[in-house]
Number of protein chains: 2
Amino acid sequence: MLSSHILLIHFFKPHSFSSNFATMTDLPKAMGLLRTVFKNHAGKDGDPKSLNKKELSELLRAEFPEAGSTSKNELDKFFKSLDNDGDGVVSFEEFVTFAAALTVICHGE
Amino acid sequence: MLSSHILLIHFFKPHSFSSNFATMTDLPKAMGLLRTVFKNHAGKDGDPKSLNKKELSELLRAEFPEAGSTSKNELDKFFKSLDNDGDGVVSFEEFVTFAAALTVICHGE
(Lines give C-alpha, C1' and ligand atoms only; values in the text may rest on other atoms or scores of the structure.)
Protein backbone atom coordinates (compact mmCIF):
# COMPACT_ATOMS: atom_id res chain seq x y z
CA MET A 1 0.00 0.00 0.00
CA LEU A 2 2.80 2.40 0.75
CA SER A 3 5.09 0.79 -1.82
CA SER A 4 4.03 3.12 -4.63
CA HIS A 5 5.90 5.95 -2.88
CA ILE A 6 8.95 3.95 -2.03
CA LEU A 7 10.81 4.43 -5.31
CA LEU A 8 10.41 8.19 -5.52
CA ILE A 9 11.27 8.73 -1.88
CA HIS A 10 14.88 7.91 -2.59
CA PHE A 11 15.10 11.39 -4.20
CA PHE A 12 15.26 12.81 -0.70
CA LYS A 13 18.12 10.66 0.57
CA PRO A 14 16.29 10.23 3.93
CA HIS A 15 19.35 8.82 5.58
CA SER A 16 20.91 12.29 5.33
CA PHE A 17 18.72 13.92 7.95
CA SER A 18 19.77 14.41 11.57
CA SER A 19 19.32 11.55 14.03
CA ASN A 20 19.73 13.81 17.03
CA PHE A 21 16.24 14.09 18.51
CA ALA A 22 16.95 17.54 19.97
CA THR A 23 17.89 19.08 16.63
CA MET A 24 15.46 17.09 14.50
CA THR A 25 12.78 18.92 12.57
CA ASP A 26 9.18 17.87 13.24
CA LEU A 27 8.65 15.38 10.41
CA PRO A 28 11.73 13.22 11.15
CA LYS A 29 10.83 13.53 14.86
CA ALA A 30 7.32 12.17 14.19
CA MET A 31 8.83 9.34 12.15
CA GLY A 32 11.27 8.54 14.94
CA LEU A 33 8.48 8.49 17.53
CA LEU A 34 6.52 5.96 15.46
CA ARG A 35 9.59 3.70 15.35
CA THR A 36 10.13 4.12 19.13
CA VAL A 37 6.54 3.18 19.97
CA PHE A 38 6.69 0.11 17.71
CA LYS A 39 10.08 -1.04 19.02
CA ASN A 40 9.09 -0.56 22.68
CA HIS A 41 6.28 -3.06 22.28
CA ALA A 42 7.30 -5.35 19.41
CA GLY A 43 10.45 -6.39 21.23
CA LYS A 44 8.68 -7.70 24.34
CA ASP A 45 8.33 -11.31 23.29
CA GLY A 46 8.79 -13.39 20.17
CA ASP A 47 9.79 -11.58 17.01
CA PRO A 48 11.07 -8.03 17.71
CA LYS A 49 10.02 -7.03 14.18
CA SER A 50 6.32 -7.54 14.64
CA LEU A 51 3.50 -7.08 17.15
CA ASN A 52 1.47 -10.02 18.33
CA LYS A 53 -2.03 -9.46 19.76
CA LYS A 54 -0.83 -9.10 23.35
CA GLU A 55 1.85 -6.58 22.35
CA LEU A 56 -0.65 -4.57 20.29
CA SER A 57 -3.10 -4.53 23.19
CA GLU A 58 -0.40 -3.29 25.57
CA LEU A 59 0.71 -0.67 23.02
CA LEU A 60 -2.83 0.69 22.70
CA ARG A 61 -3.32 0.78 26.48
CA ALA A 62 0.01 2.56 26.96
CA GLU A 63 -0.47 5.06 24.15
CA PHE A 64 -4.18 5.76 24.72
CA PRO A 65 -4.66 5.36 28.49
CA GLU A 66 -7.77 7.53 28.31
CA ALA A 67 -9.41 5.50 25.56
CA GLY A 68 -10.81 2.95 27.99
CA SER A 69 -10.53 -0.81 27.72
CA THR A 70 -11.30 -2.87 24.63
CA SER A 71 -13.21 -6.16 24.63
CA LYS A 72 -11.44 -9.29 23.37
CA ASN A 73 -13.80 -9.37 20.43
CA GLU A 74 -13.07 -5.73 19.52
CA LEU A 75 -9.33 -6.32 19.79
CA ASP A 76 -9.55 -9.46 17.61
CA LYS A 77 -11.42 -7.52 14.92
CA PHE A 78 -9.06 -4.60 15.16
CA PHE A 79 -5.96 -6.82 15.04
CA LYS A 80 -7.32 -8.55 11.95
CA SER A 81 -7.90 -5.22 10.21
CA LEU A 82 -4.31 -4.13 10.86
CA ASP A 83 -2.83 -7.45 9.77
CA ASN A 84 -3.16 -6.65 6.04
CA ASP A 85 -1.24 -9.70 4.81
CA GLY A 86 -2.97 -12.06 7.27
CA ASP A 87 0.22 -13.56 8.63
CA GLY A 88 -1.04 -13.33 12.23
CA VAL A 89 1.21 -10.46 13.33
CA VAL A 90 1.33 -6.70 12.74
CA SER A 91 4.46 -5.59 10.89
CA PHE A 92 6.08 -2.17 11.15
CA GLU A 93 4.48 -1.11 7.85
CA GLU A 94 1.06 -2.28 9.05
CA PHE A 95 1.53 -0.38 12.33
CA VAL A 96 2.60 2.80 10.50
CA THR A 97 -0.43 2.48 8.20
CA PHE A 98 -2.67 2.29 11.29
CA ALA A 99 -0.96 5.35 12.81
CA ALA A 100 -1.40 7.24 9.53
CA ALA A 101 -5.10 6.33 9.32
CA LEU A 102 -5.61 7.40 12.95
CA THR A 103 -3.83 10.70 12.21
CA VAL A 104 -6.19 11.38 9.30
CA ILE A 105 -9.22 10.49 11.47
CA CYS A 106 -8.15 12.67 14.39
CA HIS A 107 -6.53 15.60 12.59
CA GLY A 108 -8.01 15.62 9.11
CA GLU A 109 -10.78 18.17 8.38
CA MET B 1 -6.10 3.94 0.83
CA LEU B 2 -6.29 4.47 4.58
CA SER B 3 -10.10 4.29 4.57
CA SER B 4 -10.20 0.54 5.37
CA HIS B 5 -9.02 1.31 8.90
CA ILE B 6 -11.26 4.26 9.45
CA LEU B 7 -14.33 2.33 10.63
CA LEU B 8 -12.53 0.17 13.20
CA ILE B 9 -10.52 3.06 14.55
CA HIS B 10 -13.61 4.49 16.18
CA PHE B 11 -13.23 1.68 18.78
CA PHE B 12 -10.48 3.73 20.34
CA LYS B 13 -12.43 6.99 20.68
CA PRO B 14 -9.29 8.91 19.62
CA HIS B 15 -10.77 12.17 20.72
CA SER B 16 -10.35 10.98 24.32
CA PHE B 17 -6.57 11.23 24.40
CA SER B 18 -4.71 14.19 25.87
CA SER B 19 -4.11 17.26 23.70
CA ASN B 20 -1.44 18.62 26.02
CA PHE B 21 1.84 18.08 24.16
CA ALA B 22 3.84 17.80 27.38
CA THR B 23 1.77 14.94 28.77
CA MET B 24 1.05 13.24 25.45
CA THR B 25 2.29 9.72 24.88
CA ASP B 26 4.52 9.17 21.83
CA LEU B 27 1.94 8.00 19.29
CA PRO B 28 -0.46 10.96 19.72
CA LYS B 29 2.62 13.21 19.81
CA ALA B 30 3.81 11.84 16.43
CA MET B 31 0.30 12.33 15.04
CA GLY B 32 0.22 15.91 16.33
CA LEU B 33 3.62 16.67 14.79
CA LEU B 34 2.41 15.47 11.37
CA ARG B 35 -0.56 17.85 11.63
CA THR B 36 1.70 20.74 12.73
CA VAL B 37 4.08 20.25 9.81
CA PHE B 38 1.20 20.09 7.33
CA LYS B 39 -0.59 23.14 8.77
CA ASN B 40 2.60 25.22 8.92
CA HIS B 41 3.03 24.90 5.19
CA ALA B 42 -0.47 24.31 3.77
CA GLY B 43 -1.73 27.57 5.23
CA LYS B 44 0.82 29.78 3.44
CA ASP B 45 -1.21 30.59 0.36
CA GLY B 46 -4.40 29.44 -1.26
CA ASP B 47 -6.31 26.59 0.38
CA PRO B 48 -5.11 25.97 3.98
CA LYS B 49 -6.28 22.35 3.67
CA SER B 50 -3.87 21.32 0.94
CA LEU B 51 -0.30 21.77 -0.23
CA ASN B 52 0.46 23.21 -3.64
CA LYS B 53 3.83 22.49 -5.30
CA LYS B 54 5.54 25.55 -3.84
CA GLU B 55 4.31 24.74 -0.32
CA LEU B 56 5.43 21.12 -0.66
CA SER B 57 8.86 22.20 -1.86
CA GLU B 58 9.23 24.59 1.09
CA LEU B 59 8.04 21.88 3.49
CA LEU B 60 10.65 19.42 2.20
CA ARG B 61 13.42 22.03 2.39
CA ALA B 62 12.43 22.99 5.93
CA GLU B 63 12.01 19.43 7.20
CA PHE B 64 15.01 17.88 5.40
CA PRO B 65 17.56 20.72 5.22
CA GLU B 66 20.35 18.16 4.86
CA ALA B 67 18.72 16.36 1.94
CA GLY B 68 20.06 18.82 -0.61
CA SER B 69 18.09 20.57 -3.33
CA THR B 70 15.68 18.89 -5.72
CA SER B 71 15.42 19.65 -9.44
CA LYS B 72 12.16 21.01 -10.82
CA ASN B 73 11.68 17.78 -12.74
CA GLU B 74 12.23 15.65 -9.62
CA LEU B 75 9.79 17.79 -7.62
CA ASP B 76 7.17 17.56 -10.40
CA LYS B 77 7.45 13.76 -10.43
CA PHE B 78 7.39 13.58 -6.67
CA PHE B 79 4.41 15.90 -6.37
CA LYS B 80 2.52 13.80 -8.92
CA SER B 81 3.22 10.61 -6.96
CA LEU B 82 1.84 12.16 -3.75
CA ASP B 83 -1.24 13.60 -5.44
CA ASN B 84 -3.09 10.25 -5.47
CA ASP B 85 -6.42 11.65 -6.68
CA GLY B 86 -4.78 13.87 -9.30
CA ASP B 87 -6.55 17.04 -8.21
CA GLY B 88 -3.36 19.10 -8.46
CA VAL B 89 -2.79 19.52 -4.70
CA VAL B 90 -1.61 17.30 -1.85
CA SER B 91 -4.28 16.73 0.79
CA PHE B 92 -3.64 15.99 4.45
CA GLU B 93 -4.31 12.28 3.84
CA GLU B 94 -1.90 12.26 0.90
CA PHE B 95 0.74 14.01 3.01
CA VAL B 96 0.30 11.55 5.91
CA THR B 97 0.56 8.64 3.45
CA PHE B 98 3.88 10.08 2.21
CA ALA B 99 5.12 10.49 5.80
CA ALA B 100 4.12 6.91 6.56
CA ALA B 101 5.91 5.58 3.47
CA LEU B 102 9.03 7.56 4.37
CA THR B 103 8.88 6.19 7.92
CA VAL B 104 8.79 2.63 6.59
CA ILE B 105 11.71 3.39 4.21
CA CYS B 106 13.86 4.98 6.88
CA HIS B 107 12.99 2.91 9.92
CA GLY B 108 11.66 -0.38 8.58
CA GLU B 109 14.01 -3.37 8.65
Side-chain angles (χ1 to χ4, degrees), chain A residues 1-18 25-40 49 59-60 62-68 70 74-75 77-78 80-82 84 91-93 96-109, chain B residues 1-18 25-40 49 59-60 62-68 70 74-75 77-78 80-82 84 91-93 96-109:
Chain A
M1 178 188 62
L2 302 175
S3 53
S4 61
H5 294 278
I6 285 172
L7 262 182
L8 269 174
I9 277 171
H10 286 282
F11 280 111
F12 293 93
K13 300 180 277 300
H15 55 273
S16 62
F17 54 82
S18 155
T25 49
D26 283 348
L27 184 45
K29 199 178 278 183
M31 294 160 54
L33 285 171
L34 292 178
R35 178 178 61 165
T36 302
V37 171
F38 182 82
K39 284 200 153 191
N40 286 350
K49 289 183 186 165
L59 183 154
L60 295 172
E63 290 299 316
F64 301 112
E66 302 161 5
T70 314
E74 281 176 329
L75 182 66
K77 265 199 274 189
F78 187 71
K80 227 172 157 198
S81 83
L82 263 61
N84 280 331
S91 67
F92 183 61
E93 177 164 349
V96 169
T97 302
F98 153 64
L102 192 57
T103 302
V104 172
I105 291 259
C106 297
H107 297 311
E109 260 93 32
Chain B
M1 177 190 62
L2 301 176
S3 54
S4 60
H5 293 279
I6 283 172
L7 261 181
L8 270 174
I9 276 171
H10 285 284
F11 280 111
F12 293 93
K13 298 178 280 296
H15 54 273
S16 61
F17 55 82
S18 155
T25 49
D26 282 349
L27 184 46
K29 200 177 277 182
M31 293 160 57
L33 285 171
L34 292 178
R35 178 179 62 166
T36 301
V37 171
F38 181 82
K39 282 199 155 188
N40 285 350
K49 291 182 186 166
L59 182 154
L60 296 173
E63 291 299 316
F64 302 111
E66 301 161 5
T70 313
E74 282 175 329
L75 181 65
K77 267 199 276 189
F78 188 72
K80 231 172 154 198
S81 84
L82 264 61
N84 281 330
S91 67
F92 182 61
E93 177 165 349
V96 170
T97 302
F98 153 64
L102 192 57
T103 302
V104 173
I105 290 264
C106 298
H107 297 311
E109 259 92 32

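Quick note on labels: first sequence line is chain A, next is B, and so on, each numbered from 1.
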Point to revise | Shortest non-hydrogen separation from Leu27(A) to Ala99(B) and the atoms involved | key: CD1-CB, 3.9 Å
Exercise for review: For a side chain to side chain contact (heavy atoms under 4.5 Å, CB included) with Met31(B), tell me which candidate from Leu102(A), Leu33(A), Ile105(A) qualifies.
Suggested key: Leu102(A)
Check your understanding: Taking C-beta and beyond as the side chain, do Phe38(A) and Asp26(B) meet within less than 4.5 Å on heavy atoms?
Key -> no
Review point. Picking from Ser91(A), Ala62(A), Gly32(A), Ala30(A), which has the most non-hydrogen pairs under 4.5 angstrom with chain B?
Key: Ala30(A)
Point to revise | Heavy-atom pair with the smallest gap, counting every atom of Phe64(B) and Pro28(A) | key: CE2-CG, 3.7 Å
Check your understanding: What distance separates Glu93(B) CD from His107(A) NE2, expressed to the nearest 0.5 Å?
Key -> 14.5 Å
Revision key, fill the gap. Answer key: most heavy-atom pairs under 4.5 Å with chain A among Thr36(B), Leu59(B), Leu34(B) is Leu34(B)
